[in-house]
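One structure is given here, and the rest of the page talks about it.
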Amino acid sequence: MANTGQTQVTRAAEDQRFMGQAIALAEQAAAAGEVPVGALLVKHGEVVAQGANRPRGSHDPTAHAEMVALRAAGWALGAYRLPGTTLYVTLEPCPMCLGAMIHARIGRLVYGADDPKTGACGGAMHLHEHPSHNHDLSITGGVEAARCGSLLRAFFQSRRG
């Protein structure tokens, strides 16, 4: 029988490691003048795809970090369904991104900072719990939340002058 305590410790360490990589992507987005959000998609412990926010630079309102990573994963895996994957993102996803995750059948979502204005996983709404969805998405929030939130606050403070 597996040691559940050990499994939880291993998962927590893996979540922190991958969130650290997502934070590095968020920092790249900030350096490019974009809202600092980074995302990466992992399958069987390997990074399949990654994305950083780029709606401003690409003139694409759908170019959120999560969407960029999902598109790249679809191409990399040759499929639009992505079961058995985990998406790490530095900010609680918006309704558009969460809808895409549900449609893609992402197995698990791990996010950093809560988004009380547009977050779809409890920050502003609980979209993931809507009974019409035909896929249950496992969600873990608050991983490296302080680091993720600090990056966002610093970005917006620098914009306000």
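Residue numbers start at 1 and run along the sequence shown. Side chains are part of it too, since the values below use all heavy atoms of this structure and drop only hydrogens, waters and symmetry mates.
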Q) What's the shortest heavy-atom distance between Pro116 and Ala124, and which atoms? A)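 The pair with the smallest heavy-atom distance is O-CB, 3.5 Å.
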Q: Looking only at non-hydrogen atoms, find the nearest pair between Pro55 and Pro61 and report the distance.
A: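 The pair with the smallest heavy-atom distance is CB-CA, 4.4 Å.
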Do [X] and [Y] come close enough that some side-chain heavy atom pair is under 4.5 Å?
X: Leu137; Y: Leu98; answer: yes
X: Leu25; Y: Thr90; answer: no
X: Glu66; Y: Leu91; answer: no
X: Glu27; Y: Leu151; answer: yes
X: Asp15; Y: Arg108; answer: yes

Q. Is the number of heavy atoms from other residues, nucleotides or ligands within 6.0 Å of CG (Asp136) greater than 12?
A.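 At most 12 heavy atoms, drawn from other residues, nucleotides or ligands, come within 6.0 Å of this atom.
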Sequence neighbours left out, what pairs pass ring pair (Phe, Tyr, Trp, His ring centres under 6.0 Å) with at least one residue falling in [range]?
range: residues 37-58; result: none
range: residues 76-103; result: Phe18-Tyr88, Tyr80-His103
range: residues 52-76; result: none

With a 4.5 Å cut-off on side-chain heavy-atom distances among I, L, V, M, F, W and Y, is there a chain of contacts connecting [X] to [Y]?
X: Tyr111; Y: Val143; result: no
X: Leu70; Y: Ile139; result: yes
X: Phe155; Y: Met19; result: no
X: Val89; Y: Val42; result: no

Q. Has the side chain of Glu92 got a donor or acceptor atom that lies under 3.5 Å from a matching backbone atom of Gly123?
A.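 Checked: pair present.
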Q.
Could you check whether any side-chain N or O of His128 sits under 3.5 Å from a backbone N or O of Gly122, counting only pairs where one atom can act as donor and the other as acceptor?
A.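 Checked: no pair found.
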Just how far is it from atom [atom1] of [X] to atom [atom2] of [Y], taken to the nearest 0.5 Å?
X: Met96; Y: Met101; atom1: CE; atom2: CE; answer: 9.5 Å
X: Thr85; Y: Leu77; atom1: OG1; atom2: CG; answer: 8.0 Å
X: Cys121; Y: Asp114; atom1: SG; atom2: CG; answer: 9.5 Å
X: Arg105; Y: His135; atom1: CZ; atom2: NE2; answer: 6.5 Å
X: Lys117; Y: Cys94; atom1: NZ; atom2: SG; answer: 15.0 Å
X: Thr86; Y: Ile106; atom1: OG1; atom2: CD1; answer: 8.5 Å

Q: Quick one: list whatever passes side-chain contact (heavy atoms from CB on, under 4.5 Å) with Arg147, sequence neighbours left out.
A: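 Residues passing side-chain contact (heavy atoms from CB on, under 4.5 Å) with Arg147: Ile23, Glu144.
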Q: Could you list the residues that satisfy side-chain contact (heavy atoms from CB on, under 4.5 Å) with Pro95, not counting sequence neighbours?
A: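 Once residues adjacent in sequence are excluded, the partners of Pro95 under the side-chain contact (heavy atoms from CB on, under 4.5 Å) criterion are Ala120, Met125, Leu127.
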Can you give me every donor-acceptor pair (side chain of residues 29-41, partner residue at least two apart or in another chain, under 3.5 Å) with its distance?
{"unit_1": "Glu34", "atom_1": "OE1", "unit_2": "Arg56", "atom_2": "N", "d": "3.1"}
{"unit_1": "Glu34", "atom_1": "OE2", "unit_2": "Arg56", "atom_2": "N", "d": "3.3"}
{"unit_1": "Glu34", "atom_1": "OE2", "unit_2": "Gly57", "atom_2": "N", "d": "2.6"}

